[in-house]
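See structure below.
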Number of protein chains: 2
Amino acid sequence: MTGQDVEAVLRAGGHRITRPRTAVWAALVDADDHLTAEEVAARVEQQDAGVNLASVYRTLTLFEELELVRQSRLGDDPAGRWEITHPDDDFHLVCTVCGAVDHHVGSLVQTVRDHLEGGHGFAVDEVDLTVRGRCAACAGATA
Amino acid sequence: MTGQDVEAVLRAGGHRITRPRTAVWAALVDADDHLTAEEVAARVEQQDAGVNLASVYRTLTLFEELELVRQSRLGDDPAGRWEITHPDDDFHLVCTVCGAVDHHVGSLVQTVRDHLEGGHGFAVDEVDLTVRGRCAACAGATA
DNA sequence: TTTCATGCAAATTCTTTGCAAGTTA
DNA sequence: TAACTTGCAAAGAATTTGCATGAAA
């Protein structure tokens, strides 16, 4: 999803292209990571001029409605974290030792979808698979 | 996990058996469901005398440390929800139409564990699998 | 009786909202 | 120009914390 695609999605929904929206999107693209609203605001501030936190929240909420981004709440972190929507976004490996959050790209999510669609009559819209544990490096260090 | 088991876990950790702790545990057992802290407080009030919300939070946090309960945040509900820990607790089916939250008890979580432990060197501690979509009843109604 | 837990109220953190001023189309 | 957005500040919701009183061991 490029910046131009985003502009097209916004326009299609009757929304305007504004500096805050462009800047928030750029911050999320650069990050390639899960950011809290405050982190997004901080990164925007470094690049462009500042964007108010309230506007960041409004922008993220809008993007979520347009399915451009997703919010997730990992572990017991009280703050919501945002990331750009892409097919494997919904599979998170969280290391409880070093704190790394990995987007594990694999076939498991599809397995889950197939299992549910096939046997349970449940129409799957979103799969959010969060696994907590110790990544290979940390598991090796403590073993 | 019976009430007696819980008392044993508390004692083993050097914690006292108190009315609020007993009452919160009972509420969670009765519910067999995901409850917010406020819902726990409300249910306790119906049974026993009231327990302060702050104490409910402190109790839930303690139980979480003792791995007696788990907290999860489903969808974009801002409130944390608590439930008793048991092997299949970590598989949630959330219907976006009727709002039903189902504990789907099945083999998928184990599949995820096996997959990761086997191929990725990731030591799994917790799997949280949340699927959003439409349950059989609601999918049929809108189809 | 000594230490731990509770209740109450105030404080924090994250997020949302009202409204006037600034921007986009 | 007309409608949509932003920034600012205040409001809200969920959760945490300080401290004196009360209860458990």
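Atom set for the values below is all heavy atoms of this structure, side chains included, hydrogens, waters and symmetry mates excluded. Throughout, protein chains are lettered first and strands after them, A, B, ... in sequence-line order, and every chain is numbered starting at 1.
Using a distance-only test at 3.5 Å, with no hydrogens or angles considered, no donor-acceptor pair links the side chain of B/Arg73 to the main chain of A/Arg73.
With sequence neighbours excluded, no residue satisfies salt bridge (charged side-chain N to carboxylate O under 4.0 Å, His left out) with A/Arg16. Scored by the side-chain contact (heavy atoms from CB on, under 4.5 Å) test, A/Ala79 finds A/Thr36, A/Asp77 as partners (sequence neighbours excluded). Residues passing the salt bridge (charged side-chain N to carboxylate O under 4.0 Å, His left out) test with A/Glu7 are A/Arg11, sequence neighbours excluded. B/Arg21 pairs by the salt bridge (charged side-chain N to carboxylate O under 4.0 Å, His left out) definition with nothing, not counting sequence neighbours. Annotation: side-chain hydrogen bond (donor to acceptor under 3.5 Å, both in side chains) contacts of B/Glu65 (sequence neighbours excluded): none. Not a single ring-ring contact (aromatic ring centres under 6.0 Å, His included) links A/Trp82 to another residue, sequence neighbours left out.
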Nucleotides 19-25 of chain C: protein proximity per nucleotide (B base, S sugar-phosphate only, - neither; heavy atom, under 4.0 Å) | ----BBS

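Contact annotation: B/Asn52 reaches the phosphate of C/dC8 (side-chain N/O to OP1 or OP2, under 4.0 Å).
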Could you please spell out the steps behind the side chain to side chain contact (heavy atoms under 4.5 Å, CB included) verdict for B/Trp25 and B/Val69?
-> CA-CA 9 Å; B/Trp25 181 258; B/Val69 303; 4.1 Å; yes

List the steps, then state whether side chain to side chain contact (heavy atoms under 4.5 Å, CB included) holds for A/Val131 with A/Val94.
-> CA-CA 6 Å; A/Val131 178; A/Val94 183; over 6 Å; no

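When the C1' atoms of four end pairs are superposed on the next four at each end of the helix from C/dT1-D/dA25 to C/dA25-D/dT1, using five pairs per end, the two resulting axes differ in direction by 40°, to 10°.
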Only distances under 3.5 Å count here; give the side-chain donor-acceptor pairs of residues 51-61 of chain B to other protein atoms, sequence neighbours excluded, each with its distance to 0.1 Å.
from: B/Asn52; atom 1: OD1; to: B/Ala54; atom 2: N; distance (Å): 2.8
from: B/Thr59; atom 1: OG1; to: B/Ser55; atom 2: O; distance (Å): 2.8
from: B/Thr61; atom 1: OG1; to: B/Tyr57; atom 2: O; distance (Å): 2.8

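Along DNA chain D, read 5' to 3', the first and last nucleotides having any atom under 4.0 Å from a heavy atom of chain A are D/dA3 to D/dA9.
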Pairs under 3.5 Å (N/O, protein and nucleotides 12-15 of chain C):
from: C/dT15; atom 1: OP1; to: A/Gly80; atom 2: N; distance (Å): 2.9
from: C/dT15; atom 1: OP2; to: A/Tyr57; atom 2: OH; distance (Å): 2.4
from: C/dT15; atom 1: O5'; to: A/Tyr57; atom 2: OH; distance (Å): 3.2

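Residues A/Arg132 and B/Asp128 are paired through a salt bridge, judged by an N-O separation under 4.0 Å between the basic side chain and the carboxylate.
With a 4.5 Å cut-off on side-chain heavy atoms, A/Thr22 and A/Ile17 count as touching.
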